Amino acid sequence: ARRPRCNRSILDASSSMPALRRLQSEVVLADERFIAALFDIEDLLPHVKHVVVYGASEAVQSVTRFNVLSASEFVELPR
């Protein structure tokens, strides 16, 4: 599998919804504490396909359409 293209966007407390939509990135890098909020708005982010979670000891398990990876899983993807 090929590594997804990444614009290295980071969802943090200063991020705003319009900016996240405008970016059109397929990959979102997010700290574990923001994952629940990101999953709550997933229907507003149709372009996002992959979520890389930082700070998670294990991959986050949730019902979501996103391909969710821990940071260590993301780093291990073939280039």
Side-chain angles (χ1 to χ4, degrees):
R2 212 170 135 232
R3 178 180 240 165
R5 201 165 153 219
C6 179
N7 287 335
R8 300 212 178 253
S9 62
I10 298 175
L11 179 67
D12 63 20
S14 64
S15 293
S16 66
M17 197 61 222
L20 199 56
R21 272 192 257 152
R22 203 169 39 249
L23 186 59
Q24 296 295 303
S25 177
E26 292 183 0
V27 179
V28 172
L29 308 178
D31 190 270
E32 182 180 31
R33 62 189 166 157
F34 299 110
I35 293 304
L38 184 64
F39 290 168
D40 286 345
I41 60 168
E42 72 178 278
D43 59 324
L44 300 175
L45 305 169
H47 54 281
V48 175
K49 296 178 182 174
H50 311 279
V51 175
V52 179
V53 182
Y54 285 86
S57 55
E58 298 177 15
V60 174
Q61 299 298 317
S62 181
V63 177
T64 179
R65 65 170 181 77
F66 299 134
N67 175 30
V68 181
L69 301 165
S70 68
S72 59
E73 290 172 323
F74 182 72
V75 169
E76 296 298 319
L77 287 176
R79 296 178 189 256

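What you are looking at is a predicted structure, and each value in this text was computed from that prediction instead of being measured. Positions are given from 1 along the sequence.
With contacts defined as side-chain heavy-atom distances shorter than 4.5 Å, the pair V28/L38 qualifies. Looking at heavy atoms from C-beta onward, V48 lies out of side-chain contact with V27 at the 4.5 angstrom threshold. Residues V51 and I35 meet the side-chain proximity criterion, which asks for heavy atoms closer than 4.5 Å.
Here the shortest heavy-atom pairing between D40 and D43 reads O-OD1, 3.9 Å. F74 and V52 get closest at one heavy-atom pair: CD1-CG2, 3.5 Å.
Between the side chain of E73 and the backbone N or O of S70 there is at least one donor-acceptor pair closer than 3.5 Å. A donor-acceptor pair under 3.5 Å links the side-chain atoms of R65 to the main chain of E42, judged by distance alone.
H50 contributes atom NE2, which lies 9.0 Å from atom CG of L77 (distance to the nearest 0.5 angstrom).
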